Amino acid sequence: MRGFFVFHTLKSITMTFRSWKGRMSISPTIRVRFAPSPTGYLHVGGLRTALYNYLFARKNNGTFVLRIEDTDRTRYVEGAVENLLKTLVWAGLEYDEGPVQDAGYKMQDSGFRLQVSGGRVSSNYQGVVEVGEYGPYIQSERLEIYKEHIHQLIEKKKAYYCFCTQERLEQLREAQQKEKLQTKYDKHCLNLSQSEIEENLEAKIPYVVRLNVEGNQTVVTDDVIRGRVEFDSNLIDDQVLVKSDGYPTYHFANVVDDHLMKITHVIRGEEWLPSTPKHALLYDAFEWEKPVFAHLPLLLNPDKSKLSKRQGDVAVEDYRSKGFLNEALVNFVALLGWNPGTEQELFSMEELVQQFSLERVHQAGAVFNLEKLNWLNFEHLRKKSDSEVLQMLKEQLAESRFKNKQFSDEYLLQVIEAMRPRMSFVKDIIEQSSYFFELPASYEEEGVKKRWKEETPSQLNRLIEEFSSLVNPTKEQYEQALHKAAESLGIGNGKLIHAVRLAVSGVSGGPGLYDMLFILGREEVIRRIETAIEKIKV
RNA sequence: GGCCCUAUCGUCUAAGGGUUAGGACACGGCCCUCUCAAGGCCGCGAUACGGGUUCGAAUCCCGUUGGGGCUACCA
């Protein structure tokens, strides 16, 4: 009882004084959830919703729950749940309760602490174990719970059986549209007598269960991000709560589960704002305490419509496979709709946790713009240690056309050092400086035109003579040798430098020439210059 | 159509009645330099519009317009 009171009071204070900004340190255990429906992949918008839930939970020493909303059997996608779990692990969003891949799916490697042992084996998904005391965390495994709760509502006359056919519903809707009226169920089945209902039930006539919305009320929802929002109950449809296949709709399952799982804050996308009054009515019907709502602004396409496929990549795994670091994606997505009020742009997950607050979440939608994400990837990549980058490079080399070639760690580390300021992605090393892994296949046309003159071959031969006399040369010795050659030829160093670069790499950009020569080694350098002299014709 | 949300540089955003409207990405220029980058410096660039309230409005109120979401036995 006391817990209830404290919670209630705290909530209203939070609502009323937004300017107190996160000063509330005494609070009941905060519990939030991310409740995706497994439609195949994790959407970046979903990632942000999950992230904000995660940050809010961690910031407030709360609990982060993962729940799978798979009540639409027509949208079942093979492997979607497994893929979702995998992606959350990759993103580093460790949840405290919910389904996990059996055997922990390398949970240890990713720093997840969630213990799989002791979990309950999922009945509907192979290899999935559910951890936590409020399970099952998969809605298709909670059917009995919904059945029990819908009966409570029916008894209270807050919900009722509806036997209307699709045809009647369609006709109704058409008629209403023709009259320019709001399309809404006409409560036809609410007037059925008890005996009629029983007859229908007995006759196995398909039915749904609908919420009985009373008219002429104002339904008020308080939202942390949007403040007070009011709805006229005359405009709220008698929402289907249980479908004819016996499965609950989102609206019903979500309310029942949030209550049973003791969720204190519902943080979800703005697309749910219009259905929140239905949820509020459900809480009232059950006489349950409502959670605090926070409706996040939408992520948008460049044309400002709701972020969708066909206007670019929306799956987290797309970005992962393109080589984005989880740190960068998380940092980027965190800033879409939130900022700490300082001028910091670069955040680690720890910093996000420390600084996050729901009160600083924006109200307007944010365009998902890749330019900044690229930059963030560059910044986060440069924070990685040499050995971390080495590891990634080796993995990517193993999947590249160089997979059959051997390179020593020492060699690769030198390449990494040289490429660091020029790469936003690890794969840039392979794509932009392939000359570290193979002979130049061709010579950049424009470079040849600009840097390769008639006299160049003979000048380079002079340089080869100088290089040939060197023994295990250092970068400085390459430089001295080149200067010497240039001097004896009576030309500027630049003439040789550009020609050598072209000969050795095939391109006219890249790391400092002496770094490049040093990394490739004397024999290789001489060989490449000789090859170039042979191949490049002016 | 109805309901709801929303509106500051191209994009992400700061500014909670008094600021030359700040930062970041992108873009342009300069410096550095053997190239390409990186880095440093500089620049370009915004309060949608109209009414109020106020000594004073990006900020509060109303309206208009624009944008978006929702309007399913999908979530």
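Quick note on labels: first sequence line is chain A, next is B, and so on, each numbered from 1. Everything numeric here is computed off the predicted structure, so don't read it as measured data.
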Please determine whether any donor N or O and acceptor N or O are separated by less than 3.5 Å between the side chain of A:Arg226 and the base of B:C5.
no
Considering only the [atom1] atoms, how many Å lie between [N] and [M], rounded to the nearest integer?
{"N": "B:A26", "M": "B:G67", "atom1": "P", "answer": "30 Å"}
{"N": "B:C42", "M": "B:C4", "atom1": "C1'", "answer": "46 Å"}
{"N": "B:G2", "M": "B:C12", "atom1": "C1'", "answer": "33 Å"}
{"N": "B:U71", "M": "B:A15", "atom1": "C1'", "answer": "37 Å"}
{"N": "B:A57", "M": "B:A21", "atom1": "C1'", "answer": "13 Å"}
{"N": "B:G22", "M": "B:C3", "atom1": "C1'", "answer": "38 Å"}
{"N": "B:G43", "M": "B:G50", "atom1": "P", "answer": "30 Å"}

Quick one: on RNA chain B, does A:Lys180 or A:Asp303 contact a more 5' nucleotide (nearest heavy atom)?
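By nearest-heavy-atom nucleotide position, the 5'-most residue is A:Lys180.
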Judged by each residue's nearest nucleotide on RNA chain B, which is more toward the 5′ side, A:Pro511 or A:Thr183?
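Comparing both residues, the 5'-ward one is A:Pro511.
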Looking at [Y], does the NZ or CZ of [X] lie under 6.0 angstrom from its six-membered ring centre and within 45 degrees of the ring axis?
{"X": "A:Arg210", "Y": "A:Tyr161", "value": "no"}
{"X": "A:Arg48", "Y": "A:Tyr52", "value": "yes"}
{"X": "A:Lys322", "Y": "A:Phe324", "value": "no"}

Under 4.0 Å: is that the gap between some side-chain N or O of [X] and OP1 or OP2 of [N]?
{"X": "A:Arg360", "N": "B:G16", "answer": "no"}
{"X": "A:Ser275", "N": "B:A75", "answer": "no"}
{"X": "A:Lys278", "N": "B:C4", "answer": "no"}
{"X": "A:Gln363", "N": "B:U6", "answer": "yes"}
{"X": "A:His362", "N": "B:A14", "answer": "yes"}
{"X": "A:Lys304", "N": "B:G66", "answer": "no"}

Have [X] and [Y] got a donor and an acceptor in their side chains that come within less than 3.5 Å?
{"X": "A:Tyr146", "Y": "A:Asp257", "answer": "yes"}
{"X": "A:Ser385", "Y": "A:Glu388", "answer": "yes"}
{"X": "A:Gln311", "Y": "A:Asp303", "answer": "yes"}
{"X": "A:His498", "Y": "A:Ser508", "answer": "no"}

Residues from residues 485-502 of chain A lying under 4.0 Å of RNA chain B - heavy atoms:
A:Ile497, A:His498, A:Arg501
Which ones in residues 333-341 of chain A lie close to RNA chain B, meaning a heavy atom under 4.0 Å from one of its atoms?
A:Leu335, A:Leu336, A:Gly337, A:Asn339
Calculate the interatomic distance between [X] atom [atom1] and [N] atom [atom2]; express it in whole Å.
{"X": "A:Lys372", "N": "B:A24", "atom1": "NZ", "atom2": "P", "result": "9 Å"}
{"X": "A:Leu513", "N": "B:C34", "atom1": "CG", "atom2": "C1'", "result": "7 Å"}
{"X": "A:Asp257", "N": "B:A75", "atom1": "CG", "atom2": "C1'", "result": "14 Å"}
{"X": "A:Leu235", "N": "B:G2", "atom1": "CG", "atom2": "C1'", "result": "7 Å"}
{"X": "A:Lys306", "N": "B:G67", "atom1": "NZ", "atom2": "P", "result": "18 Å"}

Need the pair for B:G1. Rule: Watson-Crick or G-U wobble, both distances under 3.5 Å, any strand; none if unpaired.
B:U71
Using Watson-Crick or G-U wobble geometry with both distances below 3.5 Å, tell me the partner of B:C27, or none.
B:G43
Do any N or O atoms from the side chain of A:Ser433 and from the backbone of A:Phe436 form a donor-acceptor pair under 3.5 angstrom?
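Judged by distance alone, no pair lies under 3.5 Å.
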Result for side-chain contact (heavy atoms from CB on, under 4.5 Å) between A:Leu51 and one of A:Val333, A:Leu329, A:Leu336 points to A:Val333
Which residues pass the salt bridge (charged side-chain N to carboxylate O under 4.0 Å, His left out) test with A:Glu82, not counting sequence neighbours?
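None.
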Salt-bridge present (A:Arg142, A:Glu144; N to O < 4.0 Å)
no
